[in-house]
Visitor: 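Have a look at the structure that comes next, please.
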Amino acid sequence: MEYNFGEIEQKWQGKWNESKAYEVSNTSDKPKYYVLDMFPYPSGAGLHVGHPLGYIASDIFSRYKRLKGFNVLHPMGYDAFGLPAEQYAIEHGVHPAVSTEQNIANFRKQLDKIGFCYDWDREVLTCDAKYYKWTQWIFLQLFNSFFNPVTQKATPITELVKAFEAEGSTQIDGLRSAVKSFSAEEWKALTEKEQQDILMEFRLAFCGYGEVNWCEALGTVLANDEVVNGVSERGGHPVEKKRLRQWYLRITDYADRLLNDLQKLEWSDAMKEMQTNWIGKSTGAEIDFVVSIGNRESIIASPELATPDSRLPILKVYTTRPDTIFGVDFMVVSPEHELVAGITSAAQQKEVEDYITYVKSRSERERQAEKKITGAFTGAYAINPFDGREIPIWISEYVLAGYGTGAIMAVPCGDERDFKFANHFNIPITNIIGDAFNGTEPNATKDAKLTNSGFLNGVVLRDAIQIVVDKLEEMGIGKRKINYRMRDAAFSRQRYWGEPFPIVWKNGIAYPLSESELPLELPKVESYSPGPDGQGPLANIDTWVEKDLETNTMPGYAGSSWYFLRYMDNNNDTEFASRQATDYWNQVDLYIGGTEHAVGHLLYSRLWTKVLYDLGYLGFDEPFKKLLNQGMITGSSRFVYRFIGASSKKQISTLNESTSLDKPATIFVSVNIVESIENKKFSLEDIENLKLEIKDKINSQDNYFQTSEIRSLEFVKSHVDVNIVDGVELDKEQFKNSKAEYANALFITEEDGKYICGVETEKMSKSKFNTVNPDDLVQKFGADTFRMYEMFLGPIEQSKPWDTKGIEGVHRFLKKLWRLFYDEQKGKVWNEAEPTADELKILHRTIKKIEDDTERFSFNTAVSAFMVCVNELADIKCHKRAILEPILILLTPYAPHIAEELWHSLGNETYIIDAAFPTFEAKYVVESSKEYPVSINGKVRTNLNLPLDMGQAEVEVAVTANEIVQKWLEGKAPKKIIFVKGRMINIVI
RNA sequence: GCCCAGAUGGCGGAAUUGGUAGACGCAGCAGACUCAAAAUCUGCCGUUCGCAAGGAUGUGCAGGUUCGAUUCCUGUUCUGGGCACCA
C-alpha cells in the first residue's frame with residue numbers, strides 16, 4: 001500500500017466538509033482563541049504561492065490550539081471592493097460584482113485544495129449589502145461623533161450641540177483655527193448652515209477639501225501607483241494636483257491614544273516603530289516672523305494677510321528646535337503656501353512662478369526623494385524677533401504644505417538638508433555652536449553651548465529650548481506646540497466600486513440617512529466611467545443625483561477596518577455583531593499578515609475599534625492583541641535583453657513597405673554580454689566583433705529588414721515567463737513559441753551556446769511573469785507536502801524568493817513516514833510492542849521541540865524536527881503504535897490529511913483534530929553526561945565526555961590531564977580555565 | 001530622500017540566553033539494488049594547504065568590546081518592504 005495523497009486528501013476534505021468538522025460555536029466551556037488571517041483581495045490572477053504562506057501558518061496555529069483544548073475561531077472572507085475590479089469593468093464592460101464573484105469562486109476552489117480548517121459558515125464579503133449596511137452604520141457613528149477633549153473619547157455630537165447651547169464654545173476654544181469663540185447666544189443666532197459648518201470641524205467623519213492626482217485626459221483621479229514620472233501609467237497623460245471635496249476621518253484626534261496604546265500590544269518592535277514614526281509626534285514651537293519687504297502692492301491689495309498693527313504679513317513656522325533661533329539663515333516655505341503670491345517681489349515674480357509650475361507636476365514622493373537641490377528666492381525677508389536680522393524667504397519643494405505650518409526656519413549649521421541648501425545657493429552660514437561646527441558638516445547636537453546667540457550665549461542648546469519658548473510666549477509671538485506628522489485619513493474616492501455614503505446633501509449641508517434607510521445600496525450603472533468635474537461614476541446616475549445623494553464612495557479600507565468583528569456574528573441583521581458575541585471572542589489573539597499593511601489597515605482598524613469602544617459598542621479598544629508578520633514570498637523574475645541599437649535600416653526591396661517598416665530586429669543578447677558592455681569590461685575589439693555578429697544576425701532575418709550599420713549597443717530589458725526558463729537558461733524554442741513577435745527571434749549566446757537570463761527578485765505579480773500557481777504543486781505532490789514545504793522554506797517572518805526545487809525533499813519525508821506504517825510488499829507493519837527507552841527519548845524530544853517551535857512560530861525548524869524524528873525511527877526500524885500515534889497528533893497541524901488517514905488506520909474512529917496534544921515528560925530525555933567541546937584560546941581542539949554533575953575543580957583536573965590539551969599547553973600552566981556547565985570548556989594560555 | 005527589515009556553503013536555511021558555525025532539505029559526486037529506469041538505501045560534500053594525521057581560514061565590508069561574537073556596539077555597502085487613492 002503506497003502513499004496515495006490525491007485520494008487521501010480528497011476523501012478527508014470531503015468528510016470534514018460534510019460533517020462540519022471545523023464549525024465553531026459562540027458558546028463553549030473551553031477557553032477561546034481567535035486566529036485571524038488578513039483576508040485577501042480576490043484578484044483575477046488567482047492565488048499564487050505567496051498567498052498561502054500566512055494562511056498555512058495560521059491554519060497550523062489554529063489546529064495546534066484546538067489540539068491544546070481551545071475553542072478556536074478561524075474564519076476567512078474577502079476584501080471585495082477595490083480598484084482592479086472597477087478597472088476591469090471599464091475595460092471589459094463586466095460588472096465588478098460579476099467578476100468579483102467569479103474571482104472569489106476561483107479563490108475558494110484554490111483554498112479548499114490546501115485543506116484549511118476555516119469555518120466557512122462565517123465567511124464575510126465586504127461588497128455584500130448585508131455587510132456594508134454595517135460599514136455604513138459605523139460611518140454614521142463616526143459622522144455623529146466628535147472627540148471630546150476633556151474625556152479624550154468619542155462622544156455623540158449632540159453632546160457638543162448641548163454644550164454650545166448652554167455655554168458657547170468654551171469647551172473647544174482654541175482647538176480649531178477655523179472656529180472663532182462664540183457665546184451660547186451667538187450660537188443660537190447662527191443659521192443652520194453656519195452651525196453645521198462649525199460642527200463639521202469636529203465630526204470624526206467630516207467633509208473638507210484636499211488635493212488629488214488629477215488626470216484631465218482620463219477625466220479621473222489617479223492613485224499614486226497609477227502615476228509614473230508625472231504622467232498616467234495608462235496612456236502617459238499629464239497629471240496634476242486638483243482640489244476636490246473629500247471625506248476624511250479625524251484620526252489625528254486619536255493620535256495620542258493610538259501612540260500610547262501600542263505598548264499594550266504584542267507586536268514586533270519594528271511594527272510599533274513604524275506606526276510611531278507614521279504618527280510622528282513631535283514637540284516644538286510655532287513662531288511668528290514678521291515679513292519685511294516683498295511685493296508691497298500686493299500686500300496692500302490683500303490686507304487680511306497683514307497684522308493690524310504692522311500692516312505686514314506674518315510667517316508662521318513650526319520648529320522642534322527653537323533653541324537655534326539665532327542660527328536661522330533663511331526660511332523655506334512650501335511653494336503652495338498661501339503667503340507666497342503676496343510676498344514675492346516684482347523682480348522674483350517670474351522665477352517663483354516658473355518654480356511653482358515645476359512643482360505642480362511633481363508627486364509628493366518625488367519631491368521628498370529628490371536629491372537635486374531646487375528652490376527659488378521670493379525676494380522677501382522675515383525679521384528675526386530677537387536681533388532684527390533680515391532672513392531671506394525661499395520656496396522649495398521639499399517643504400510640504402500639509403505638515404506643520406508649511407514653513408520652516410532653516411539652521412544650516414545644525415541640519416543636514418539646510419546645510420546643503422545653504423551651500424547650493426551660497427547663503428552665508430551663522431555658526432551658533434562654536435567648536436561643535438567645523439564648517440564642512442552640520443552638527444545636530446543639543447549638548448553644545450550656544451555662541452552668536454545674543455542673550456543665550458553660553459547656554460547649552462538643550463536648556464535653551466525652554467528659555468526661548470518662554471520668551472516667545474511672553475512676547476506673544478510664539479507658543480509651545482505638539483505636532484503630528486500623521487494627517488487625517490482621506491475617506492472618499494471618486495469611484496464606483498465601493499460603499500456609498502449614507503449622506504444626502506441639501507443646501508450645502510450634509511444630512512445623514514437614518515439607520516432604517518440602510519443599506520444604501522450601490523445602484524446599477526450603464527458605464528463605469530467617471531462623472532463630470534472629477535466626480536465619481538455615481539454622478540452619472542440621474543436617480544441618484546435627483547435624491548441629492550453623495551456621489552463619492554468609501555475607500556478600500558472601509559470594509560477591512562472592522563471585518564474581524566463581523567466574523568464573530570456574521571448573520572446578525574440587527575447589529576454589526578452582538579455584544580454577547582464580541583464580548584465572548586474579544587480581541588483577535590493572533591493576527592497574521594504582511595508588513596505592507598503596517599500603517600494603513602492596522603492603524604485604521606485600531607481607530608475604528610477605539611471609536612466603537614468609546615461609544616459603548618465594544619468591550620475592548622485594541623483589535624489585534626498579537627501580530628505576526630509573514631514575510632513576502634518574492635518572485636524570482638527572469639529577463640531577456642533585446643537589441644535596439646540598429647539606427648540605419650534598409651528595407652529588402654521585395655517586401656511590402658507597410659509590413660516591414662516598423663518591425664524591429666528581434667535579436668536577444670545573453671545577460672553576461674550585456675553586463676560586460678555596461679560595466680565596460682569589453683575591449684574595443686570585443687565590441688566590434690559583437691557589432692558584426694549582431695549585424696550578421698539581423699541581415700539573416702529575411703522576413704524583416706537589413707542593416708548596414710550598428711551605431712550603438714543598446715538593449716531593452718523585459719520580463720520573460722519564469723516557466724520557460726530552466727534556472728537561468730532560456731528555453732529558446734519555447735520562447736519563440738510564446739509570442740508571435742518572438743517567432744523569428746535570434747540569440748547572441750554565451751560561448752557554450754546558452755542564452756542566460758537576467759535575474760531579479762521582485763514582488764510576485766502576474767505582470768512580471770514570475771508567479772507560481774499552488775494548484776499545480778498540490779496536484780503533483782499533495783496539499784500536505786505543499787503546506788510543509790511552504791513552512792520549510794524559511795522563517796515565517798522573513799521574506800524569501802520562491803523556488804520550487806526543494807519540494808521533493810519534503811515529499812520524500814512524508815513517504816518515509818508512511819513507510820513506518822505500511823510497507824509496499826508486506827502491507828501493515830505497525831505493531832503493539834512496548835517502546836524502548838531510546839524510542840521514548842526520540843518521541844519526547846520531538847514533542848518538546850514541536851511544541852516549543854510551534855509556540856514561537858518557528859515552523860521551518862518544526863518541519864526539520866519531524867524529519868529528524870522520522871529519520872531516527874526509520875534507522876532503528878521502530879514501527880510501534882505507542883511511538884507513532886502521538887507523532888501523528890503532533891503532525892496534524894502541519895500535514896492534516898496524512899495524519900488523519902494514518903490515525904484511522906490505527907483504528908481510531910474520531911477525528912484526530914479532537915485528540916489531545918501529547919504531554920512532554922522530561923524523565924525520558926534526561927542525560928547523565930555531556931560531550932564537552934574543549935577550546936584553547938577560543939578555538940575548539942578536542943571533545944571530552946564528562947558527567948553533567950561534575951564541578952569546576954574536577955573538570956580542571958580532567959581537562960589538564962588530556963593529551964591533546966597537554967600538547968597545546970606545551971608545558972605551560974593555563975592562565976585561566978573557563979567552564980560553563982553543560983556548555984563548554986575554554987582554556988586560556 | 002524618510003521609516004522598517006535583512007545579508008551565513010553551489011542553493012533554501014540552522015545555531016532559542018555571547019559558548020562546538022553549517023542541523024534539516026535541495027543540488028552535486030561516488031556506490032548498492034535493477035536487464036534498464038523509477039523508487040529506495042549507503043557514503044562524501046564551506047574554502048585552502050596536506051598522502052594522511054592535522055593545520056590555516058571562514059557568517060556582506062571596516063573597526064571595537066570579550067577568555068570566547070553569526071549573536072552585543074560604532075561606522076559602512078548592498079538587497080527587500082512601506083511612504084498616505086493598489087490591496
Side-chain angles (χ1 to χ4, degrees), chain A residues 2 38 40-41 43 79 81-84 87 210 212-213 221-227 246 268-271 273-274 276-278 280 364-371 398 402 417 485-495 555-557 560 594-601 603 629 631-632 634 727 760-763 789 792-795 797-810 812-813 815-816 819 824 852-853 856 858 860-861 863-868 871 874 931-935 937-943 975-978 980 982-989:
Chain A
E2 77 186 288
M38 288 186 186
Y41 174 78
S43 84
D79 185 13
F81 275 131
L83 196 54
Q87 212 54 57
V212 294
N213 300 313
V221 178
L222 296 177
N224 283 338
D225 258 29
E226 301 173 292
V227 184
Q246 299 281 1
S268 69
D269 289 342
M271 192 59 50
E273 209 169 323
M274 273 190 261
T276 301
N277 293 338
W278 181 265
E364 213 167 272
R365 183 96 48 89
E366 286 171 323
R367 284 172 60 171
Q368 283 172 292
E370 183 58 67
K371 279 185 189 164
Y398 78 84
R417 184 125 62 160
R485 203 180 68 90
M486 180 169 70
R487 310 198 283 264
D488 281 328
F491 194 69
S492 54
R493 303 290 183 262
Q494 292 68 48
R495 306 276 183 195
Y557 67 81
S560 63
T595 45
E596 65 270 25
H597 298 288
V599 283
H601 161 63
L603 213 47
N629 292 115
M632 184 166 294
T634 45
E760 251 172 63
T761 303
E762 308 177 283
K763 223 168 158 171
Y789 182 57
F792 190 54
L793 275 178
E797 302 204 66
Q798 192 172 304
S799 81
K800 53 222 160 218
W802 178 265
D803 183 5
T804 305
K805 271 191 173 161
I807 198 167
E808 297 266 5
V810 176
R812 274 178 211 142
F813 152 74
K815 286 197 284 189
K816 195 165 183 177
R819 285 199 302 272
E824 248 174 85
D852 286 355
D853 284 358
R856 67 190 178 102
S858 180
N860 58 327
T861 53
V863 174
S864 86
F866 280 121
M867 289 174 169
V868 169
N871 287 344
E931 186 87 358
Y932 279 99
V934 180
S935 330
N937 287 340
K939 281 193 178 125
V940 181
R941 297 300 178 185
T942 186
N943 287 309
K975 275 192 195 138
K976 199 171 168 189
I977 296 178
I978 290 148
V980 183
R983 286 283 189 191
M984 44 62 70
I985 301 159
N986 188 23
I987 302 160
V988 186
I989 302 177

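Quick note on labels: first sequence line is chain A, next is B, and so on, each numbered from 1.
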Visitor: Name the nucleic acid region contacted by A/Lys800, choosing base, sugar-phosphate or nothing; use a 4.0 angstrom heavy-atom cut-off, strictly under.
Guide: sugar-phosphate

Visitor: Could you check whether any side-chain N or O of A/Lys800 sits under 3.5 Å from a backbone N or O of A/Pro795, counting only pairs where one atom can act as donor and the other as acceptor?
Guide: yes

Visitor: Below 4.0 angstrom from OP1 or OP2 of B/rC85, is there any side-chain N or O of A/Arg493?
Guide: yes

Visitor: What nucleic acid atoms does A/Met271 come within less than 4.0 Å of, heavy atoms only: base, sugar-phosphate, or nothing?
Guide: nothing

Visitor: Would you classify A/Glu2 as touching base, sugar-phosphate or nothing, given that sugar-phosphate means primed atoms plus P, OP1 and OP2, and contacts are heavy atoms under 4.0 Å?
Guide: nothing

Visitor: Round to the nearest Å and state the distance from A/Arg856 atom CZ to B/rU16 atom P.
Guide: 8 Å

Visitor: For nucleotides B/rC61 and B/rC11, find the distance between their P atoms and express it as a whole number of Å.
Guide: 15 Å

Visitor: Output yes when at least one side-chain N/O atom of A/Arg941 is less than 4.0 Å from OP1 or OP2 of B/rG68, else no.
Guide: no

Visitor: Say you pick atom C1' in B/rA87 and the same atom in B/rG6; how far apart are they, in whole Å?
Guide: 24 Å

Visitor: Nearest to the side chain of A/Arg983, which nucleotide is it out of B/rC4, B/rU20, B/rG19?
Guide: B/rG19

Visitor: Passes side chain to side chain contact (heavy atoms under 4.5 Å, CB included), A/Ile977 versus A/Asn986? Steps please.
Guide: CA-CA 6 Å; A/Ile977 296 178; A/Asn986 188 23; over 6 Å; no

Visitor: Report yes or no: is there a donor-acceptor pair, N or O only, under 3.5 Å between the side chain of A/Gln494 and the base of B/rC85?
Guide: yes

Visitor: Distance between the P atoms of B/rC26 and B/rA39, in whole angstroms?
Guide: 12 Å

Visitor: With heavy atoms under 4.0 Å as the rule, sort A/Arg495 into base, sugar-phosphate or nothing.
Guide: base

Visitor: Please state how far atom CD1 in A/Ile807 lies from atom P in B/rA27, giving the value in whole angstrom units.
Guide: 12 Å

Visitor: So, A/Tyr41 versus A/Phe81, ring centres under 6.0 angstrom or not?
Guide: no

Visitor: If we take the C1' atom in both B/rA7 and B/rA21, what is their distance in whole Å?
Guide: 16 Å

Visitor: Just name whichever nucleotide pairs with B/rG28, Watson-Crick or G-U, keeping both distances under 3.5 Å, else none.
Guide: B/rC44

Visitor: Using a distance-only criterion (donor-acceptor N/O pair, under 3.5 Å, no hydrogens), is the base of B/rC3 paired with the side chain of A/Asn277?
Guide: no

Visitor: What is the distance, to the nearest angstrom, from the CE atom on A/Met274 to the C1' atom on B/rG81?
Guide: 8 Å

Visitor: What contact category does A/Ile978 fall into here, base, sugar-phosphate, or nothing, at under 4.0 angstrom with non-hydrogen atoms?
Guide: base

Visitor: Are OP1 or OP2 of B/rC41 and a side-chain N or O of A/Arg819 less than 4.0 angstrom apart?
Guide: yes

Visitor: With rounding to whole Å, what would you report as the distance between B/rG46 and B/rA62 at their P atoms?
Guide: 23 Å

Visitor: When all nucleic acid strands are considered with a 4.0 Å heavy-atom cut-off, which category describes A/Glu931: base, sugar-phosphate, or nothing?
Guide: base

Visitor: Looking for any heavy atom pair under 4.0 Å, which part of the strands does A/Ser492 touch: base, sugar-phosphate only, or nothing?
Guide: base

Visitor: Looking at A/Val810 and A/Phe792, what are the two nearest heavy atoms and their distance?
Guide: CG2-CD2, 3.9 Å

Visitor: Just call it for A/Val212: base, sugar-phosphate, or nothing, with non-hydrogen atoms closer than 4.0 Å on any strand.
Guide: base

Visitor: Hunt down the Watson-Crick or G-U wobble partner of B/rC83, both distances under 3.5 Å, from any strand shown, or write none.
Guide: B/rG1

Visitor: Does A/Arg941 reach the side chain of A/Val934, with side-chain heavy atoms less than 4.5 Å apart?
Guide: no

Visitor: Between B/rG13 atom P and A/Asp853 atom CG, what is the distance in whole Å?
Guide: 17 Å

Visitor: Taking only N and O in the side chain of A/Gln798, is any of them less than 4.0 Å away from OP1 or OP2 of B/rG13?
Guide: yes

Visitor: Between A/Lys976 and B/rG68, is there a contact of a side-chain N or O with OP1 or OP2 at under 4.0 Å?
Guide: no

Visitor: With heavy atoms under 4.0 Å as the rule, sort A/Pro795 into base, sugar-phosphate or nothing.
Guide: sugar-phosphate

Visitor: With respect to the phosphate group of B/rA23, does any side-chain polar atom (N or O) of A/Asn871 fall under 4.0 Å of OP1 or OP2?
Guide: no

Visitor: Taking only the side-chain heavy atoms of A/Val980 (C-beta and beyond), determine which of B/rG19, B/rA5, B/rG81 contains the nearest atom.
Guide: B/rG19

Visitor: In whole Å, measure the gap between the P atoms of B/rG63 and B/rG25 for me.
Guide: 38 Å

Visitor: Please state how far atom OH in A/Tyr789 lies from atom C1' in B/rG12, giving the value in whole angstrom units.
Guide: 7 Å

Visitor: If anything within 90° of 0 is syn and all else is anti, what is B/rG9?
Guide: syn

Visitor: Measuring to OP1 and OP2 of B/rA14, would you say a side-chain N or O of A/Asn860 lies under 4.0 angstrom away?
Guide: yes

Visitor: Taking B/rU48 as the reference, what is the distance to B/rG10 when you measure between their P atoms (whole Å, please)?
Guide: 10 Å

Visitor: What's A/Glu273 touching, base or sugar-phosphate or nothing? Going by heavy atoms closer than 4.0 Å.
Guide: sugar-phosphate

Visitor: Return the nucleotide paired to B/rC67: Watson-Crick means purine N1 to pyrimidine N3 with N6-O4 or O6-N4, wobble means G-U with N1-O2 and O6-N3, both under 3.5 Å.
Guide: B/rG19

Visitor: Should the ring pair A/Phe813 and A/Phe866 be called parallel, tilted or perpendicular, given that the plane angle runs from 0 to 90° and is split at 30 and 60?
Guide: tilted

Visitor: Among B/rC85, B/rG25, B/rA21, which nucleotide sits nearest the side chain of A/Gln246?
Guide: B/rC85

Visitor: Heavy atoms under 4.0 Å, any strand shown: does A/Ala598 hit a base, just sugar-phosphate, or nothing?
Guide: nothing

Visitor: Given the C1' atoms of B/rA23 and B/rU76, what is the spacing between them in whole Å?
Guide: 32 Å

Visitor: Looking across every strand, which nucleic acid part, if any, lies under 4.0 Å from A/Val868 by heavy atom: base, sugar-phosphate, or nothing?
Guide: sugar-phosphate

Visitor: Counting only Watson-Crick pairs (N1-N3 plus N6-O4 or O6-N4) and G-U wobbles (N1-O2, O6-N3), all under 3.5 Å, who is the partner of B/rA37?
Guide: none

